[in-house]
Amino acid sequence: MLAMPRKDVVLFLGFAAVVLAMPIWLQPFGAAYPDLLNRFAIFAIFAVGFNILFGLTGYLSFGHAAFFGVGSYAAVWSFKLLSMDALPALVFAIVVSGLFALAIGFLSLRRSGIYFSILTLAFAQMSYNLAYSVFTPITNGETGLQLSLNDSRVLDRMFSEPGPGLPSPTLLGTPLSGYVAFYFCAFFLIATFFIAQRVTGSPFGMMLKGIKSNQTRMNYTGVNTRPYTLAAFVISGMYAGLAGALLAITDPLAGAERMQWTASGEVVLMTILGGAGTLVGPVIGAWLIKYFENIFSAINDGILTQFWGFLPDGAQHTAVLISSKFVGEGWFLTLGLVFVLIVVFLPGGVMEGVRRIAALFRPNKPTPASAGTTASKPHPAE
Amino acid sequence: MFEAIFLQFLNGLDKGSAYALIALGLTLVFGTLGVVNFAHGALFMLGAFCAVLFRQLITLETVTLDPTQLSPWGAPLEVREPLVQSWFGDFGAVLVNYSVPFSILLTIPVMLVIGILFERGIIKHFYKRPHAEQILVTFGLAIVAQEIIKSIFGANPIPQPMPEEARGAADIGVWLGMQANVITYPIWRLVYFLFAGVIIGGVFAFLQFTTFGMVVRAGMADRETVGLLGINIDRRFTIMFGLAAVVAGIAGVMYTPLLPPNYHMGMDFLVLSFVVVVVGGMGSLPGAVAAGFLLGILQSFASMTQVKAIVPGIDQVIIYLVAVVILLVRPRGLMGRRGVMEA
């Protein structure tokens with residue numbers, strides 16, 4: 001911590017404060033309940049990890065949900081076989097997803113650009129299809145992997161008799177539910193943010209940025225880039241595994257649909273929406289998407305009728321009819337439209353928007369390109 | 001044994017045809033505009049829903065209550081008469097029966113317009129931007145198209161009947177001098193395969209034998225020089241995008257009797273078609289077609305029970321497995337050109 005530049009310390013402390021105070025400042029937005037807050041933290045971890053690969057190194061993976069799903073499965077298996085405690089589950093999930101990422105990354109990273117995207121997509125789809133068919137003994141197929149009463153739970157049995165009902169995840173004896181679960185997730189979000197910050201600022205992070213801006217030149221300078229990209233890939237796979245495991249801890253079941261490529265697409269959306277290549281951007285993107293998903297899906301025709309109440313009858317009816325296509329079930333339509341607009345007009349996402357607005361207020365002082373502003377530059381690695 | 005293998009070969013053809021047609025359009029777009037189009041599957045899906053729309057339009061009915069006839073429980077009987085039948089008589093009945101092939105007539109102009117709007121409206125701003133951003137914006141467009149269709153037609157698949165004459169199975173074995181009922185094959189699949197052959201042949205002939213096609217091929221090889229010769233290459237490439245959309249659209253239309261269209265069918269096919277394109281080699285039209293049929297047939301072989309007994313689950317992953325192997329040992333794909341997207 002002492003070796004960090006002052007700016008980074010401020011950013012980190014500010015971020016930690018914002019995350020820890022989420023139950024307070026999200027109150028006016030109606031989002032301050034543990035279930036949603038958990039998802040905020042979990043998907044933020046997922047997006048921060050994805051950003052290490054995409055934003056920093058410039059490799060667009062379309063199969064990251066596979067690691068997320070593997071993390072969930074590993075965590076649930078740890079609950080079933082070892083103990084209901086969250087820590088072994090997390091360790092197990094991170095190790096398994098890291099090994100999985102090592103194998104896939106070793107193969108996929110032999111290519112870059114669109115071929116890399118297709119390879120990761122192919123591996124993720126393979127995992128998804130296999131989880132539904134051959135691996136049913138491990139994944140429990142379409143039903144999803146769940147806890148059951150006759151699981152072995154070796155460690156738990158050593159210390160206590162099994163209770164009558166299904167046990168729920170604990171942390172060293174404290175049940176992980178409600179705000180305890182949120183602060184557990186929030187702790188990991190802050191920790192992973194800190195790691196991501198350190199990675200970005202380290203010589204290793206500089207290497208990754210170099211690979212993003214010109215991999216050929218890196219090779220010509222005599223650097224073997226493969227170990228660096230592979231390390232980035234594995235780190236980001238472990239982040240995804242951690243996020244998947246946390247999701248399984250807050251709700252102990254795992255299904256194959258978490259590995260589908262639409263889930264991979266979602267994390268891409270989050271990262272782009274917030275701002276790829278920045279530290280805070282992916283977190284903001286994940287929060288925005290999860291928040292609006294929650295809000296928009298809940299709006300129904302009754303609320304819309306009220307909202308358009310000031311219009312005359314006929315117009316009100318039309319307005320309700322049109323706007324109902326964009327909310328509730330149609331929330332993905334809104335997401336798609338926003339996403340297209342962002343990619344077209346604001347490729348740097350929300351963070352670039354913030355920067356542009358900030359630049360308006362400081363007209364004479366050109367902002368120096370900070371560490372994270374490389375998002376809109378071309379990716380020669382493609 | 002020979003019969004079983006031949007049958008699987010035939011079974012692979014119809015899926016292979018669909019892959020080949022979508023991959024052909026994808027490659028056209030990539031080869032001309034240099035854009036990686038993740039929305040191409042959505043165009044396939046939009047085409048399929050043109051068929052749905054067409055059928056809904058021609059089966060609009062007038063409902064009149066006939067007081068002279070009573071239903072068993074005493075209410076006046078509803079008499080339904082399709083409007084087309086009352087307007088066109090027998091021709092209307094034929095139209096309803098052959099709604100799938102006839103809807104191509106609606107699909108062509110619709111898809112051409114959609115394709116050109118796509119290209120002029122959004123994609124043209126992305127020529128100079130990195131491939132990652134092209135993927136992202138077309139991915140977003142695909143979501144939008146898919147969700148619009150979902151909000152109009154609902155989330156359930158809408159079955160489309162094939163023409164009555166094509167409902168049976170053809171006894172192909174007899175044509176080849178075998179005994180009857182050894183190899184039978186649904187007629188519509190045969191139709192789809194032939195249709196795909198005609199379309200693919202048409203596209204190749206268009207590119208090979210017309211002046212327009214020649215200019216487009218020249219533009220694919222060296223866009224700048226063609227532009228310097230005073231040819232408006234941008235306009236031609238726009239039209240090629242429209243053409244690719246039409247190919248995807250009518251491929252979707254003809255596929256509707258085989259697979260009831262639903263809003264996410266485009267995405268399902270897109271992932272596979274991308275794999276097909278990459279296996280065939282980015283930018284190679286013959287490669288895309290060959291890889292499409294190859295993967296379709298491989299998939300069908302992998303779903304044989306004998307094969308599945310040896311390697312369980314192989315039918316689920318064969319396509320991706322082939323793609324991974326080909327990408328790793330032969331980076332350019334089967335027929336990729338040197339220097340196209342090589343990295």
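Just so we're on the same page: letters track the sequence lines, and every chain starts at 1.
Of the atoms belonging to A:V344, heavy atoms from both backbone and side chain fall under 4.5 Å from chain B. Residue A:F123 touches chain B through its side chain alone, counting heavy-atom pairs closer than 4.5 Å. Residue contact with chain B, scored on non-hydrogen atoms closer than 4.5 Å, involves the side chain of A:I118 exclusively. Residue A:F62 touches chain B through its side chain alone, counting heavy-atom pairs closer than 4.5 Å. In this structure, chain B has no heavy atom under 4.5 Å from any part of A:L335. Heavy-atom distances place the side chain of A:I272, and not its backbone, under 4.5 Å from chain B. If you measure heavy-atom distances from B:L272 to chain A, you find no contacts under 4.5 Å at all.
With 3.5 Å as the limit, one finds no donor-acceptor pair spanning the side chains of A:E257 and A:Y128. Under 3.5 Å, the side chains of A:Y59 and A:Q215 contain a donor-acceptor pair of N or O atoms.
The greatest number of non-hydrogen atom pairs below 4.5 Å with chain A, out of B:V144, B:I319, B:V277, is found for B:V144.
In this pair, B:F38 and B:F274 present their aromatic rings tilted. The plane angle is within the 30 to 60° band.
Here B:D234 does not pair with B:R120 in a salt bridge; the nearest charged N to carboxylate O distance is not below 4.0 Å. Ion pairing between A:E266 and A:K290 holds under the 4.0 Å rule for side-chain N and carboxylate O.
For the pair B:R129 and B:F126, the cation-pi test (distance below 6.0 Å, angle within 45°) is passed.
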